[in-house]
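The structure appears right after this line, and notes come after that.
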2 protein chains.
Amino acid sequence: MKRRSTASKEEVLAVLKAEETAMSHDMLQSKLSVSMDRATIYRILNRFCEDGQVHKFVGDDGKQYFALCINCGDETEHHHHNHFHFKCLECGKVECLRDEVEVSLPKGYVTRSFNGFISGVCAGCSSLKKGEE
Amino acid sequence: MKRRSTASKEEVLAVLKAEETAMSHDMLQSKLSVSMDRATIYRILNRFCEDGQVHKFVGDDGKQYFALCINCGDETEHHHHNHFHFKCLECGKVECLRDEVEVSLPKGYVTRSFNGFISGVCAGCSSLKKGEE
DNA sequence: TTATTATTGCAACAAAGTCGCATTAATTAA
DNA sequence: TTAATTAATGCGACTTTGTTGCAATAATAA
Ligand SMILES: [Mn+2]
Ligand SMILES: [Mn+2]
Ligand SMILES: [Zn+2]
Ligand SMILES: [Zn+2]
């Protein structure tokens, strides 16, 4: 099952790149210049995940978010996603936090998947709020 | 708006205590000895959260989970929930991991809420699997 | 007992995500 | 270039989760 190059696929990828933020399905759909079915968007995103271009996580709103992988061409080292994602409650941007975290599990516990999500206020927005005072 | 003591409320609390695992709405409903409406269960659980008896988090399945708070009577120290939750993919149990974690955010970022969730295999289940080999 | 109002059940609803299936279109083979 | 193959899409149907409005019920206070 080889991947085909389609306009929809390119458009989704373009939006993800342009916005520079992790996006939920609905955020993405509202930014698309070409209208596209909901199921199609999910299928495109999940294909990206399978291919390792994108990773998926779940927000504290229960929604799935999708973010471009950095260094995804890098085959040499293991591709981990043990990092937190941060959602700014002011500007709405969702970003990957750089640091890979490690959680110390009790003896005998094994990790299969990691989902870290923090909501708060980003630097830009909190400095704006300071200025307003 | 003072709380009233009702059978439903006691039953939900009893199940949470007995099961010793964080539970999603559907897990809980299936364990109830008294049938109860879905909305009622959510309302009871959310009231527990408001009162600080229970805390809520979101799993990587996008569902809300509810767990009893330990030391909830303890008014002296701040009641934090910056801990991970672990779901065993074998036995299904969801538990709070003891350690409070701290994530180093970029300069100027402020945390409002924390949601940490790890799926994997717990000690009991991974030792069972070893035994089977 | 009676009045007050927190709690419940029920129905309706919105949103998220998935799936089957017929149609379309990208790619490959002829 | 044309025909065959099959990945990708659109659409509708569906499930699950969670919320809300409203009338009925019942715990508590008066
Ligand atoms: Mn990645
Ligand atoms: Mn707690
Ligand atoms: Zn912001
Ligand atoms: Zn287990």
Side-chain angles (χ1 to χ4, degrees), chain A residues 1-16 22-67 85 87 92 94 113 115 117 119, chain B residues 1-16 22-67 85 87 92 94 113 115 117 119:
Chain A
M1 43 186 103
K2 228 162 67 187
R3 297 276 123 95
R4 293 181 181 180
S5 157
T6 70
S8 304
K9 173 180 166 177
E10 298 309 324
E11 169 69 5
V12 169
L13 194 57
V15 171
L16 272 179
M23 304 181 85
S24 60
H25 149 263
D26 55 316
M27 294 163 93
L28 216 144
Q29 193 166 40
S30 68
K31 292 287 185 183
L32 291 174
S33 58
V34 193
S35 101
M36 211 175 299
D37 190 73
R38 191 168 67 254
T40 301
I41 299 177
Y42 278 113
R43 285 191 273 228
I44 288 175
L45 289 168
N46 285 319
R47 256 177 269 142
F48 284 159
C49 289
E50 287 174 23
D51 298 347
Q53 286 184 82
V54 163
H55 60 281
K56 170 161 55 169
F57 54 93
V58 177
D60 58 11
D61 52 8
K63 292 183 191 173
Q64 298 179 349
Y65 285 81
F66 299 86
H85 296 92
K87 173 168 199 168
V94 180
S113 81
N115 198 86
F117 194 91
S119 299
Chain B
M1 44 186 105
K2 230 161 68 188
R3 298 275 122 96
R4 293 181 181 178
S5 157
T6 69
S8 304
K9 175 180 166 177
E10 298 309 323
E11 169 70 6
V12 169
L13 194 56
V15 171
L16 273 178
M23 303 181 86
S24 60
H25 149 263
D26 56 315
M27 293 163 96
L28 217 145
Q29 194 167 40
S30 69
K31 293 286 185 180
L32 290 173
S33 59
V34 191
S35 101
M36 210 175 302
D37 190 72
R38 191 169 67 256
T40 301
I41 299 177
Y42 278 113
R43 286 192 273 228
I44 289 175
L45 289 168
N46 284 320
R47 256 177 269 145
F48 284 160
C49 288
E50 287 173 23
D51 298 346
Q53 285 183 82
V54 163
H55 59 280
K56 169 162 57 169
F57 53 94
V58 177
D60 59 10
D61 52 9
K63 292 184 190 171
Q64 298 180 350
Y65 285 81
F66 299 86
H85 297 92
K87 174 168 198 167
V94 180
S113 81
N115 197 86
F117 194 92
S119 298

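Letters A, B, ... mirror the listed sequences (proteins, then strands); counts begin at 1.
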A/Met23 and A/Leu45, any side-chain heavy atoms less than 4.5 Å apart
no
Using modelled atom types only, decide if a donor and an acceptor are shared between the side chain of B/Asn115 and the backbone of A/Phe117 within a distance under 3.5 Å.
no
4.5 Å side-chain heavy-atom contact, B/Ile44 and B/Arg47:
yes
Whole-Å distance between C/dT18 P and A/His25 NE2?
11 Å
Closer to the 5' end of DNA chain C via nearest nucleotide, is it B/Ser35 or A/Arg3?
B/Ser35
Which comes earlier along DNA chain D counting from the 5' end, the contact point of A/Met36 or that of B/Ser24, where each point is its nearest nucleotide?
A/Met36
Is there a side-chain contact between B/Phe48 and B/Val12 in this structure, where contact means two heavy atoms from C-beta onward sitting under 4.5 Å apart?
yes
Report the distance from atom CG of A/Asn46 to atom C1' of C/dA16, rounded to the nearest whole Å.
13 Å
Could you state the CG-C1' distance from B/Asp26 to D/dG18, rounded to the nearest angstrom?
12 Å
Does any N or O in the side chain of B/Asp37 come within less than 3.5 Å of the main-chain N or O of B/Ala39, such that one atom is a donor and the other an acceptor?
yes
Strictly under 3.5 Å: I want the nitrogen or oxygen pairs between protein and nucleotides 24-26 of chain C, one per line.
unit_1 : atom_1 : unit_2 : atom_2 : d
C/dA26 : N3     : A/Arg4 : NH1    : 3.0

Would you say the side chain of A/Lys63 lies within less than 4.5 Å of the side chain of A/Met27, judging by non-hydrogen atoms?
no
Between D/dT9 atom C1' and A/Glu11 atom CD, what is the distance in whole Å?
15 Å
Is B/Arg47 close enough to C/dT8 that one of its side-chain N or O atoms is under 4.0 Å from OP1 or OP2 there?
yes
Length of the line joining B/Asp37:CG and D/dC22:P, which is rounded to integer Å
17 Å
Tell me the interatomic distance from A/Gln29, atom CD, to D/dG10, atom P, rounded to whole angstroms.
10 Å
Is A/Lys2 close enough to D/dT5 that one of its side-chain N or O atoms is under 4.0 Å from OP1 or OP2 there?
no
Answer whether the closest heavy-atom distance between the side chains of A/Asn46 and A/Lys56 falls below 4.5 Å.
yes
Of the options C/dG9, C/dG17, D/dG18, whose atoms approach the side-chain atoms of B/Thr40 most closely?
C/dG9
Take the protein atom CD1 of A/Ile44 and the nucleotide atom P of C/dT18, then report the distance between them rounded to whole Å.
14 Å
Base D/dG18 paired with B/Arg43 side chain (donor-acceptor, <3.5 Å)
no
Separation of atom CG in A/Leu45 from atom C1' in C/dA16, rounded to whole Å
14 Å
